[in-house]
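First comes the structure, then the notes that go with it.
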Amino acid sequence: MTETEHNVSLRHDWGTQEVAALFTLPFSDLIHRAQAAHRAHFDANAIQLSTLLSIKTGACPEDCAYCPQSVRFDTGLEREALLPLEQVRDAARRARAAGATRFCMGAAWRSPRDRDLDRVIEMVQAVRDQGLETCVTLGMLESEQARKLKDAGLDYYNHNLDTSPDYYKEVVTTRSYEDRLDTLGHVRDAGIKVCCGGIVGMGESPLDRAELLRQLANLPQHPHSVPINNLVQVEGTPLHGLDPIDPLDFVRTIAVAKIMMPASYVRLSAGREAMSEAVQTLCFLAGANSIFYGDQLLTTTNPAHLEDLALLDKLGMHPEASPKYSDIDSAAAPRPDTAPRAARTQARANAG
Ligand code: SAM
Ligand code: DTB
Ligand code: SF4
């Protein structure tokens with residue numbers, strides 16, 4: 001299917017009430033609809049693996065209330081300058097050896113300076129050379145910067161809307177929702193695939209969650225990848241100490257995202273460490289088909305990668321093979337210590 005044909009069946013005219021109504025469906029009906037939407041577009045047993053690396057850490061001038069990297073909050077985080085190229089290359093090599101197919105580099109900037117962008121472009125090229133898809137998240141971009149990244153071969157740009165327009169003002173004051181939408185427009189116009197999602201568990205209302213998803217689905221194109229983060233509460237940030245979201249409301253958010261954007265990868269993103277295997281499994285049932293994979297997110301921890309492989313194995317699921325580099329078979333990644341089941345999973349993955 002071409003991109004245009006593909007988009008014909010996708011809706012961009014969601015109304016507030018109908019999205020809110022999806023959230024209130026009986027749980028079983030909601031999951032059934034999300035599974036059906038998911039299976040129309042994807043192998044329901046394959047999970048895409050993306051590994052994160054913070055290439056520039058801390059001392060960010062923005063005031064995002066959820067973020068441990070803002071210079072305004074005392075979170076005890078040590079700032080780090082832009083990493084040397086060799087260190088990025090090594091991390092990418094390790095990620096690929098562990099079975100990731102995409103490598104996402106994050107920088108704690110409001111927006112990149114041109115000389116920083118040139119160094120990031122070298123990193124993108126080094127990561128591509130390792131046979132990985134590339135993603136960066138560098139803050140706000142001008143259109144010319146987006147074009148330079150496209151020319152360097154960047155596959156994805158991550159820039160989240162984070163929450164509803166109304167609630168955004170409560171969480172971030174140093175930039176606006178419009179700023180975020182402008183950057184997304186530059187990325188899209190440059191022909192880079194968009195990775196855009198948000199965070200739940202920030203004290204937002206159920207309507208804010210519905211509105212975030214409505215904003216995402218009503219963009220001119222659905223983001224190729226939709227990360228749904230569960231707030232990682234870090235001491236020293238203003239959002240530390242909030243009541244966490246009910247896990248079933250988190251699952252509902254994943255399911256509604258999949259129903260509204262069925263052809264997009266919905267990523268079960270930050271916050272998995274605080275989730276049981278059962279809740280993560282419900283997220284997969286609800287149509288999540290991507291995870292951050294590796295022991296570290298940007299500045300906080302993530303489940304150990306062998307634990308993730310063991311969970312997929314237990315569920316009869318498998319890592320998605322690289323869509324771009326056909327020589328890479330993620331299912332050949334190091335397996336957890338469950339050889340007979342692992343062998344079955346791999347045989348199934350290879351057959352599909
Ligand atoms: N500085 C750039 C920006 O904000 O666009 C890129 C890096 S920023 C850390 C990338 C995304 O990480 C944010 O948009 C937010 O959605 C997510 N994030 C940051 N802190 C988080 C936290 N404590 N829990 C969950 N997600 C978080
Ligand atoms: C996204 O949506 N989540 C990632 C990635 N995009 C850049 C970041 C999660 C950060 C969690 C807190 C931390 O580790 O600093
Ligand atoms: Fe800076 Fe990004 Fe963190 Fe906001 S989310 S404080 S822009 S690193």
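All ligand and atom numbering here is 1-based and tracks the order in the structure. Atoms considered below: every heavy atom in the structure, side chains included; atoms not considered: hydrogens, waters and symmetry mates.
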task = Find out if a path of hydrophobic residues (ILVMFWY) with successive side-chain heavy-atom gaps under 4.5 Å connects Leu77 to Leu239.
result = no
key: Co-membership, hydrophobic cluster, residues Val187 and Leu117, 4.5 Å side-chain   = yes
message = I want to verify a count. Protein N, O or S atoms less than 2.8 Å away from atom 4 (Fe) of ligand 3, how many are there?
response = 1
Under a 3.5 Å threshold, yes or no: a donor from one side chain and an acceptor from the other, between [X] and [Y]?
X      : Y      : answer
Glu62  : Ser70  : no
Gln145 : Ser143 : no
Thr134 : Asp155 : yes
Gln280 : Arg272 : yes
Ser290 : Gln48  : yes
Arg102 : Tyr293 : no
Glu320 : Asn289 : no
Thr173 : Asp63  : yes

task = Could you tell me whether atom 12 (O) of ligand 1 has a protein heavy atom closer than 4.0 Å?
result = no
ask   = Under 4.0 Å from atom 2 (Fe) of ligand 3, do we find at least one protein heavy atom?
value = no
task = Report yes if Thr137 has an N/O atom closer than 3.5 Å to an N/O atom of ligand 2; otherwise report no.
result = no
query = Less than 3.5 Å between some nitrogen or oxygen of Ser269 and one of ligand 2, yes or no?
reply = no
Answer with yes or no whether [X] contacts ligand 1, where contact means a heavy atom under 4.0 Å from a ligand atom.
X      : value
Gly139 : yes
Arg180 : yes
Ala107 : yes
Ile199 : yes

Return the closest protein heavy atom for [atom] as residue, atom name and distance.
atom                    : value
atom 6 (N) of ligand 2  : Asn158 OD1, 3.2 Å
atom 6 (C) of ligand 1  : Thr137 OG1, 3.1 Å
atom 24 (N) of ligand 1 : Val232 N, 3.0 Å
atom 4 (C) of ligand 2  : Phe292 CE1, 3.6 Å
atom 14 (O) of ligand 1 : Asp162 OD1, 3.4 Å
atom 21 (C) of ligand 1 : Tyr66 CD1, 3.8 Å

request  = Let me see the working for Glu133 and Thr101 under side chain to side chain donor-acceptor pair (under 3.5 Å), right down to the final yes or no.
outcome  = CA-CA 6 Å; Glu133 289 189 305; Thr101 58; 4.6 Å; no
message = List ligand 2 atoms under 4.0 Å from Thr300, heavy atoms only on the residue side.
response = 12 (C), 13 (C), 14 (O)
note = The atoms of ligand 2 lying under 4.0 Å from a heavy atom of Asn160, numbered in the order shown, are 1 (C), 2 (O)
Main chain of [Y], side chain of [X]: is a donor-acceptor contact present, judged purely on distance under 3.5 Å?
X      : Y      : result
His38  : Arg33  : no
Lys56  : Ala108 : yes
Asp295 : His305 : yes
Arg79  : Thr57  : no
Thr24  : Ala21  : yes

ask   = Any idea which part of Lys56 is under 4.0 Å from ligand 3, heavy-atom wise: side chain, backbone, both or neither?
value = neither
task = Give the numbers and elements of all ligand 1 atoms closer than 4.0 Å to a heavy atom of Asn229.
result = 25 (C), 26 (N)
request  = Go through ligand 1 atom by atom and flag the ones less than 4.0 Å from a non-hydrogen atom of Trp109.
outcome  = 1 (N), 2 (C)
note = Paired with Asn160, the side-chain contact (heavy atoms from CB on, under 4.5 Å) test is passed by just one of Pro227, Cys64, Pro223, Ser269, namely Pro227
task = With heavy atoms of Arg175 as the reference, note each atom of ligand 3 found under 4.0 Å away.
result = 4 (Fe), 7 (S)
key: Atoms in ligand 3 flagged as close to Tyr66, the criterion being non-hydrogen separation under 4.0 Å   = 5 (S)
query = How does Thr299 reach ligand 2, if at all, at less than 4.0 Å between non-hydrogen atoms: by side chain, backbone, both, or neither?
reply = both
message = I need the contact type for Pro227 against ligand 2. Using non-hydrogen atoms and a strict under-4.0 Å cut-off, is it side chain, backbone, both or neither?
response = side chain
query = Out of Val232, Leu298, Asn230, Ile228, who gets a non-hydrogen atom closest to atom 10 (C) of ligand 2?
reply = Leu298
query = Of the choices Thr75, Asn229, Val226, which has the non-hydrogen atom that lies closest to atom 1 (C) of ligand 2?
reply = Asn229
ask   = Polar-atom distance check: Cys67 versus ligand 1, any N or O pair below 3.5 Å?
value = no
message = Tell me whether Pro68 has any N or O atom under 3.5 angstrom from an N or O of ligand 1.
response = no
request  = Report the C-alpha distance between Met123 and Leu85 in whole Å, list the side-chain angles of each, state the deciding distance to 0.1 Å, and finish with yes or no for side-chain contact (heavy atoms from CB on, under 4.5 Å).
outcome  = CA-CA 6 Å; Met123 295 175 184; Leu85 182 61; 3.9 Å; yes
Contact partition for Leu298 relative to ligand 1, non-hydrogen atoms under 4.0 Å = side chain
request  = Decide side-chain contact (heavy atoms from CB on, under 4.5 Å) for Asn229 and Arg267; before the verdict, give the C-alpha distance in whole Å, the side-chain angles of both, and the deciding distance to 0.1 Å.
outcome  = CA-CA 8 Å; Asn229 296 276; Arg267 183 174 307 126; over 6 Å; no
message = Looking at every heavy atom in both Leu285 and Gln35, which two are closest together, and how far apart are they?
response = O-NE2, 2.9 Å
